2 protein chains.
Amino acid sequence: MNAPVRKPRSATGTRSDSVYAGLRRAIIEQALMPGDKLTEDLIGDRFGVSRTIVRTALARLHAEGLVDMQPNKGATIAQPSLSEAQDVFEARMCLERQVLVRLAKKVTDQDIERLQQHVALEAKANAHDGPASIRLAGEFHILLASLSGNGVLARYVDEVVSRCSLILALYGRPHSSDCSISEHQQIIDALRARDGQAAIDAMDHHLEAVTDRALLSSHSDRTRDIRSILDRYAS
Amino acid sequence: MNAPVRKPRSATGTRSDSVYAGLRRAIIEQALMPGDKLTEDLIGDRFGVSRTIVRTALARLHAEGLVDMQPNKGATIAQPSLSEAQDVFEARMCLERQVLVRLAKKVTDQDIERLQQHVALEAKANAHDGPASIRLAGEFHILLASLSGNGVLARYVDEVVSRCSLILALYGRPHSSDCSISEHQQIIDALRARDGQAAIDAMDHHLEAVTDRALLSSHSDRTRDIRSILDRYAS
DNA sequence: TTCGGCATATTTGTATACAATAATGAATAC
DNA sequence: GTATTCATTATTGTATACAAATATGCCGAA
């Protein structure tokens, strides 16, 4: 089975792209958790490609901060420290503000329609499909960034939002989305009114709330989890 | 010659890192110009590594926007369009402002000393070593970002600054640095006085000047160079 | 000549082979 | 029983082999 029908060579990196996309989605939906080992052979088997391809995908994920790599020891899902997490949130705030500065000037009715549709999707997935809910919440921000029309901003927002999923997995409540739908709605409403400042304020408020939910919720720094867990058993 | 002494396997990616760093420097110093072909075999020969390694390095440069890759046709030094160039500058402005917001709060005398030393280097290289001058001008901004203490910001600033070198190569005057030393000095002076707003203003002014020098100087959009050149000969 | 088509040579994409390193576990000494 | 050493296994890093695609150049036909 798994007939090895050689596809006629499509676009460069299409294979590694699909491995990349698959792993990325698994990370963002928190199917793969921080610290999980990513063995090249194993991934290659699952995706039906050689280690060469897997390696390319892993290198890319590493560059984006989603996986850690140690020399001769391979790749694991990244475990951002609390300090790195704060850095990510700070950069995210800075970038998303700029996105809204742009959008306030150039957003079209069609753009707003797309955003509104996306929030509808979020509402539908909410509470009944945890993983999809997490992913969609992030994708709202990615959609905003791509509508901004600045590809560089869009790429960076994409990256920091993805890393936020990881941070949430580490420090937040399990399987909770980091975004409330009503907060997304407020941003859309402000954009619809072409009130740039209100949109930025709404985003500020939203991201502060996200940061709080992610970093100040139930758990302390998970890098010490093992130690503190053992403490409980060592007495 | 070139005794193939297998080094005892140091850190992962050390080899591809050195290829990456070499190519990157060549691009930033404008030894390699936009559009130049990057043949894998050729690079591998020069650096004494296999195509596998070269490929990894090229993929990384591609992810950072320094090289373009076309399916089955390989890699070339990137030729950012005017629109991409504007996106890069906008993102850069946004990121470097945030760097200064942070630095205004936390910069130490030692940091300022390092910055001052760097500007001294720039002055020394200025006018007698074109390539180094270009590189050092960019590295001033990268140093600022790294002193900010936010690794995410630092990485993004690094990227956009590098891409600016490329943009300058395409659209600016040949081998001119995009940064004036006096403008760098003004930023340091403002930081030394712990005047955050003045530092940000100086940076705004500086980056606007850089943008002008890069995008509004002698040449128009080079992506149309061939067409317009031919126009002149086709009449 | 000049154009189109075919053969050859380059170059890329992917898989695999092999060496080096790290992880695992068993056997031995104490 | 515990710890230490060594052999075995698993996994990574790099080079190479081969297939697919593209580029190059030659030749003949108009």
Side-chain angles (χ1 to χ4, degrees), chain A residues 1-23 26 32 35-63 66-79 226 234, chain B residues 1-23 26 32 35-63 66-79 226 234:
Chain A
M1 39 212 70
N2 221 354
V5 220
R6 281 281 177 81
K7 280 190 187 170
R9 185 77 84 87
S10 44
T12 288
T14 284
R15 286 171 194 265
S16 94
D17 278 355
S18 93
V19 175
Y20 163 81
L23 289 176
L32 291 170
D36 284 355
K37 186 80 208 299
L38 297 169
T39 307
E40 296 172 1
D41 268 330
L42 206 148
I43 298 169
D45 285 351
R46 288 291 172 207
F47 284 88
V49 297
S50 77
R51 280 180 52 219
T52 308
I53 308 297
V54 176
R55 227 142 201 295
T56 306
L58 289 177
R60 191 167 161 198
L61 290 164
H62 173 61
L66 292 182
V67 321
D68 290 338
M69 302 200 75
Q70 273 192 307
N72 294 315
K73 300 185 64 178
T76 56
I77 307 292
Q79 296 177 290
I226 293 170
Chain B
M1 48 208 67
N2 220 355
V5 223
R6 281 281 177 80
K7 280 189 188 171
R9 184 77 84 86
S10 43
T12 289
T14 285
R15 286 170 195 263
S16 94
D17 279 354
S18 95
V19 175
Y20 163 82
L23 289 176
L32 291 170
D36 284 354
K37 186 78 208 299
L38 297 169
T39 307
E40 295 173 1
D41 267 331
L42 206 147
I43 298 170
D45 286 350
R46 289 290 172 206
F47 284 87
V49 298
S50 77
R51 281 179 52 220
T52 308
I53 308 296
V54 176
R55 222 144 207 295
T56 305
L58 289 176
R60 190 167 162 197
L61 290 164
H62 173 61
L66 292 181
V67 321
D68 290 338
M69 302 199 76
Q70 274 192 306
N72 293 316
K73 301 185 64 178
T76 56
I77 307 291
Q79 296 178 289
I226 292 169

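Per chain, numbering begins at 1; letters A, B, ... match sequence-line order. Reckoned from all heavy atoms, side chains included, excluding hydrogens, waters and symmetry mates. Computed from a prediction, not measured in an experiment: that's the story for all the values here.
Candidate nucleotides D:dA15, C:dT16, C:dA22 were compared by shortest atom distance to the side chain of A:S50, and C:dT16 ranks first. Closest to the B:T39 side chain, of the nucleotides C:dA15, D:dA15, C:dT11, is C:dT11. Taking every side-chain heavy atom of B:V49 into account, D:dA15 is the closest of C:dA15, D:dT12, D:dA15.
Atoms CG (A:N72) and C1' (D:dT11) sit 9 Å apart, rounded to a whole Å. One can place CG of A:L58 at 14 Å from P of D:dT11, the figure rounded to the nearest angstrom. Rounded to a whole Å, the CG atom of B:L42 is 8 Å from the P atom of C:dT11. Put simply, CD1 on B:I43 is 12 Å from P on C:dT11, counting in whole angstrom units. With rounding to whole Å, B:F47 atom CZ is found 18 Å from D:dA15 atom C1'. When rounded to the nearest whole Å, the span between CG of A:D45 and C1' of C:dT16 equals 14 Å. Rounded to whole Å, the distance from CZ on B:R15 to P on C:dA20 is 11 Å. Taking atom CE of residue B:M69 and atom C1' of nucleotide D:dT22, one finds them 15 Å apart after rounding to whole Å.
Under the side-chain contact (heavy atoms from CB on, under 4.5 Å) rule, A:L61 has a single partner from A:L66, A:T56, A:D68, which is A:L66.
Summarising the geometry, atom CG belonging to A:L32 is positioned 13.0 Å from atom NZ belonging to A:K37; distances are rounded to the nearest 0.5 Å. To the nearest 0.5 Å, the span separating CG on B:L38 from CD1 on B:I43 amounts to 4.5 Å.
Taking the salt bridge (charged side-chain N to carboxylate O under 4.0 Å, His left out) definition, one finds that B:R51 meets it with B:E40, sequence neighbours left out.
Proximity of A:R51 to the phosphate of C:dA17: no side-chain N or O atom is located under 4.0 Å from OP1 or OP2. Checking the phosphate oxygens (OP1, OP2) of D:dT12, a side-chain nitrogen or oxygen of A:K37 falls inside 4.0 Å. Phosphate contact (OP1/OP2 of C:dA23, side-chain N/O of A:K73, threshold under 4.0 Å): present.
DNA chain D is contacted by both A:L38 and B:T52; A:L38 maps to the nucleotide lying nearer its 5′ end (nearest heavy atom per residue).
At least one donor-acceptor pair under 3.5 Å links the side chain of A:S50 to the backbone N or O of A:T52.
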